[in-house]
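The structure presented is a predicted model; accordingly, all values stated were derived computationally and were not measured.
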Amino acid sequence: MNRRALIRNGSLAVMGLAAGACAPKSAAVVTRPARRPPVVLPRVRISWDRVIRTTIGLRPHRPGGFVLRADTLGPKTLIHNYGHGGAGMSLSWGTGSMAADLAVPHPDRRAAVIGCGVVGLTTARELQRRGFEVTIYAAAVPPDPTVTSNWSLAGFTPTSGLSTAAGRTPEWTGQFQQAVEIAYRRLQLLVGPRYGISWITNYSPTDDERMASGTNTLLPAHMQNAPVLLGPGEHPFPTRFAIERPDMRIEPSIYVESLLHDFKVFGGAIAVRKFEAPAELASLTENVIVNCAGLGAKALFGDPDLIPLKGQLTVLVAQPEIQYSTSGGARVQTAEPGLGIHMMPRADGIVLGGTSERDVWTYDVNESERKRIVEGHIELFSSMRG
């Protein structure tokens, strides 16, 4: 079963939310506990008059996955670290650590990082930990609307919009496995209010119990948080079953600001500057340059495979009592370009999402998708048993 079908039937598992993140499925052990008292959850209050904003993010997708390699730019060392799709929040500590390791042999302990999204910030912090003096050069700095990291749903979704099965190579898969192990451990150590990272229980309503038996073969088993299949009478959703699993939640408005603070405390500097060509990078005084430009790498370095996956989130007034997330709706959805629907509660609001528009470069709100997502959640939560 492909990933799109899985999401439409209401189970995102840990794979993420964007097209192209799929991996071959194999059977997984599903916990089926003895019948237990029903899960009781407060109902999310969703209505159009509670909507406070809709945001757009353009995720940098490459069919072959992220680019992580060392190169040269004249006499300078150039390290590429970009193209993470919708998995930047999840993977950035891993690829940032690996990029910094590539820089270590250089005798010049000054480094320039291009880009101030989460990939650029974590890479800069890893370079600082290795003794580099770091300056970030970026056309925009958080919370600018064009910095995608600020507008992500931001759970631990390390294969979301990342690559396609046909585009991956064994060498890249090895890089991914190393990066995801580093990132998963690092994020666990940052759990707490300072960084806005926490564990939360996710529920995926479904009428097909087989939806709980899929697994993502790109991810090690210990990252997949074995699902629990809740049967009729054990959950409050209007479907026959619900799949329960713990998920890691990252709140971007807290997390990105904390990374910026840490970078500055450790002596980092930020210069607002846009580069039009590699020759302009060559004029920098730093001899180690790390390209974390995201989508900007397409024009700057002529990457023909790099395209945006446009994501859209609609945010409602916060409900502090909501401490669970959902993936999927009250029924199967087949609308394009949607990938099902999902809800995540955060301090800044109840976040609703479920879009991935391939190779769409605009920041215009897609009103038909906004309607599909909001009304799909109205249907789900209005039919919940409370």
Chi angles and distances behind the side chain to side chain contact (heavy atoms under 4.5 Å, CB included) call for T55, R53: CA-CA 7 Å; T55 61; R53 65 182 179 273; 4.0 Å; yes
Step-by-step side chain to side chain contact (heavy atoms under 4.5 Å, CB included) determination, L352 to I46: CA-CA 10 Å; L352 310 180; I46 296 185; 4.0 Å; yes
Student check: side-chain heavy atoms of R249 and Q323 closer than 4.5 Å: yes
Aromatic contact, F66 with W172 (centres under 6.0 Å): yes
Same apolar cluster (I L V M F W Y, side chains within < 4.5 Å links), L259/V141: yes
Within one Ile-Leu-Val-Met-Phe-Trp-Tyr cluster: L73 and V134, side-chain cutoff 4.5 Å: no
Within one Ile-Leu-Val-Met-Phe-Trp-Tyr cluster: I197 and I182, side-chain cutoff 4.5 Å: yes
Minimum-distance pair of heavy atoms, taken over all atoms of N216 and Q224: O-NE2, 2.8 Å
Exercise: do D262 and Y195 side chains pair donor with acceptor under 3.5 Å: yes
E321/R43 salt bridge by N-O under 4.0 Å criterion: no
side-chain contact (heavy atoms from CB on, under 4.5 Å) partner of H84, chosen from V119, T148, L68: V119
Cationic N near anionic O, under 4.0 Å, D305 to R62: yes
Aromatic plane relationship, Y184 with W199 - under 30° parallel, 30 to 60° tilted, over 60° perpendicular: perpendicular
Salt bridge E257-R194, side-chain N to carboxylate O under 4.0 Å: no
Student check: side-chain heavy atoms of L300 and L281 closer than 4.5 Å: yes
Validation row: V374, I378 side chains within 4.5 angstrom (heavy atoms): yes
Backbone of E369 reached by a side-chain donor or acceptor of Q312 within 3.5 Å: no
Side chain to side chain contact (heavy atoms under 4.5 Å, CB included) evaluation trace for V51 with R370: CA-CA 11 Å; V51 172; R370 193 167 82 123; 3.9 Å; yes
Whether over 12 other heavy atoms sit under 6.0 Å from R185 CZ: no
Heavy-atom side-chain proximity of L306 to L295 below 4.5 angstrom: yes
Electrostatic pair D71:K76 at N-O distance under 4.0 angstrom: no
Pairwise side-chain contact, L260 with P142, heavy-atom cut-off 4.5 Å (strictly under): yes
Q319, CD atom: more than 12 neighbouring heavy atoms under 6.0 Å: yes
Heavy-atom donor-acceptor pair, E234 side chain to G231 backbone, under 3.5 Å: yes
Identified side-chain contact (heavy atoms from CB on, under 4.5 Å) partner of C292 from the options I79, N81, T122, V118: N81
Exercise: identify the closest heavy-atom pair between H61 and G161: ND1-O, 2.8 Å
Enclosure of Y363 OH (heavy-atom neighbours >12, cutoff 6.0 Å): yes
Residue pair L127 / A103: nearest heavy atoms and the distance that separates them: CD2-CB, 3.8 Å
NZ/NE/NH1/NH2 to OD/OE distance under 4.0 Å, R130 and D101: yes
Co-membership, hydrophobic cluster, residues L121 and F156, 4.5 Å side-chain: yes
Shortest non-hydrogen separation from N202 to S327 and the atoms involved: ND2-OG, 3.0 Å
Geometric cation-pi criterion R110 and F132, 6.0 Å radius, 45° cone: no
Side chain proximity check, N366 to D364, heavy atoms < 4.5 angstrom: no
Heavy-atom check, side chain of E181 versus side chain of P220, under 4.5 Å: yes
Whether Y137 and F275 hold their rings parallel, tilted or perpendicular, with breakpoints at 30° and 60°: perpendicular
Exceeds 12 heavy-atom contacts within 6.0 angstrom, atom CZ of R240: no
Closest heavy-atom pair and its distance - F237, A242: CD1-CB, 4.0 Å
Test item: side-chain donor near acceptor, D208 and T206, under 3.5 Å: no
Closest approach of T239 to A330 (non-hydrogen atoms, all atoms of both residues): CG2-O, 3.7 Å
Centroid-centroid under 6.0 Å between F241 and H235 rings: no
Non-hydrogen side-chain atoms of H80 and D303 separated by less than 4.5 Å: no
Candidate pair M89 and V256, rule side chain to side chain contact (heavy atoms under 4.5 Å, CB included), full reasoning: CA-CA 10 Å; M89 283 280 186; V256 173; 3.9 Å; yes
Matching residue for M343 among L380, L153, I322 - test: side-chain contact (heavy atoms from CB on, under 4.5 Å): I322
